Amino acid sequence: MERRAKIYEGKAKVLYETDDPDLLIQHFKDDATAFNAQKRGTIVGKGGMNTRISATLFSYVAEHGVRTHFVKVLSDREMLVRRLQMIKVEVVMRNVVAGSLAKRLGLPEGQALEQPVLEFYYKDDALGDPLINDDHVRMLRLATAAEMEAIGDGAFRVNEFFFDQRGILLVDFKLEFGRYKGEILLGDEITPDGCRLWDKGTREKLDKDRFRRDLGGVEEAYAEVLRRVCG
Ligand code: TMP
C-alpha cells in the first residue's frame, strides 16, 4: 500500500492517504500530551506498542460484533484503516471513579460504579472538549439518534473486553466513532493513551496517567499492558 499525502497530524497520530480513496495509513507517534496539550513529552517506544495493542483490541472487538476501521498492521508503527468521516464526539465509558469524574462530582478515585457510566464530550480543542448530553449532540447536529444508539451499543460491547482475564481492571476508556458507507464504525485507537488500566491486584496504574501525573515508569507500564494484551 503506497503512502501518499499527509491529511492529519494530531497529538499522537498521523494519517496519510493511500492509492485507495477508502483507505488511510494511521501512524502512531511516541509523542504524548496531556491537559489539552499544555503538557508535552515523549514516551519512548509508545508508537510501536500502541500499534500492536490497538490492532489486538480492534481485532478482538470485531470478533464480538463491533465493526471498526482497522484493516491490518502494515509495519512497526503503521496500520491500514478505513477512511471514516469522524463524529465530533468523544465517547467515554467508566466502571470505576477516576479522572474528571472524581473531580466533577467530588467522589474518591477508585470507587466502583454500580453500573457503567457513559459520557459524551464535544470534540473541540478551543472549548476544551466540554461534557455534553444527547440533546446537545442533536442540537449541534453532531450525529443522528440512530447513530448515537449504535455508538452507545458499541461502547458497551467494548466494555466487555477480556482485560479482567489478563489481570487488568478497566477503569475507563475513550472511543471515537465515524461514518463509513452508511455505517457507524469504531475508529481512532484503543491504547493506554485513552484508557485507564489498573493492575487488578495492586491497583497500580498501567496507563497514561503515569505520564499525566509524573508517576515515573511510563514506558514500563505500556510494556506491561502490551505483554498482557498481546503476549
Ligand atoms: P477523564 O477522566 O479525564 O475525563 O478521562 C476519561 C478517559 O478518557 C480516560 O481513560 C482518558 C481518556 N481521555 C482521552 O483519551 N483523551 C482526552 O483528551 C481525555 C481528557 C481523556
Side-chain angles (χ1 to χ4, degrees), residues 8-13 26 28-41 43 46-47 49-51 53-54 57-58 61 68-69 86-113 115-133 136 142 151-152 154-156 158-161 163-164 168-178 186-200 203-215 218 221-222 224-225 228-229:
Y8 166 85
E9 177 149 11
K11 296 157 191 157
K13 283 185 302 285
Q26 175 161 299
F28 289 79
K29 303 197 284 187
D30 284 358
D31 299 350
T33 64
F35 314 118
N36 206 10
Q38 287 173 57
K39 178 182 172 117
R40 292 172 181 277
I43 300 174
K46 175 168 81 77
M49 294 191 277
N50 277 357
T51 302
I53 293 168
S54 235
L57 296 177
F58 276 136
V61 293
T68 83
H69 71 156
M86 295 309 292
I87 290 170
K88 289 173 71 168
V89 176
E90 295 197 346
V91 179
V92 170
M93 181 71 87
R94 302 179 184 273
N95 300 302
V96 176
V97 174
S100 69
L101 182 68
K103 214 168 167 181
R104 185 177 307 111
L105 301 184
L107 297 170
E109 180 172 87
Q111 181 182 309
L113 297 167
Q115 51 187 51
V117 170
L118 181 63
E119 296 176 340
F120 305 120
Y121 294 85
Y122 181 29
K123 236 179 117 62
D124 185 316
D125 282 338
L127 296 176
D129 298 342
L131 180 69
I132 54 173
N133 65 21
H136 297 118
L142 302 177
I151 286 171
F156 275 101
V158 171
N159 203 31
E160 300 304 315
F161 262 144
F163 283 119
D164 189 63
I168 294 174
L169 176 63
L170 181 57
V171 171
D172 57 34
F173 57 89
K174 186 264 297 177
L175 303 175
E176 294 184 30
F177 294 82
L186 174 60
D188 193 43
E189 62 175 71
I190 318 175
T191 67
D193 279 16
C195 302
R196 286 198 176 89
L197 307 169
W198 294 356
D199 179 90
K200 218 169 111 179
R203 300 210 144 201
E204 188 190 349
K205 296 183 198 318
L206 300 173
D207 57 65
K208 195 171 149 190
D209 267 352
R210 301 204 73 84
F211 167 79
R212 294 188 189 99
R213 301 187 189 180
D214 295 320
L215 300 176
V218 186
Y222 278 68
E224 183 58 22
V225 172
R228 294 195 198 181
V229 168

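Because the structure is a prediction, the values reported are computed rather than measured. For ligands, and for the atoms within them, numbers begin at 1 and follow the listed sequence.
At least one protein heavy atom sits closer than 4.0 Å to atom 14 (C) of ligand 1. Atom 9 (C) of ligand 1 is approached by the protein to below 4.0 angstrom, counting heavy atoms only. There is no protein heavy atom closer than 4.0 angstrom to atom 21 (C) of ligand 1.
Among the atoms of R196, some N or O lies under 3.5 angstrom from an N or O of ligand 1. Ligand 1 has no N or O atom lying under 3.5 Å from any N or O atom of D129, backbone or side chain.
Note that CG of L118 and CZ of R94 are 10.5 Å apart. Values are rounded to the nearest 0.5 Å.
Residue K208 does not touch ligand 1, judged by heavy-atom distances below 4.0 Å. At a heavy-atom distance under 4.0 Å, no atom of E109 approaches ligand 1.
A salt bridge is absent between D207 and R196: the closest approach of a Lys/Arg side-chain nitrogen to an acidic carboxylate oxygen does not fall below 4.0 angstrom. Salt bridge annotation for K205-E109: present, with a cationic side-chain nitrogen under 4.0 angstrom from a carboxylate oxygen.
Using 4.0 Å as the threshold, K103 has no heavy atom nearer than that to any atom of ligand 1. Note on ligand 1: K11 sits outside its first shell, no heavy atom being nearer than 4.0 Å.
Near C195, the atoms of ligand 1 lying under 4.0 angstrom from a non-hydrogen atom of the residue are 10 (O).
Within a 6.0 Å sphere centred on NZ of K103, heavy atoms belonging to other residues, nucleotides or ligands number 12 at most.
In terms of protein heavy atoms, atom 16 (N) of ligand 1 is closest to K174 CE, 3.7 Å.
Between E224 and E204, every side-chain heavy-atom pair lies at or beyond the 4.5 Å cut-off.
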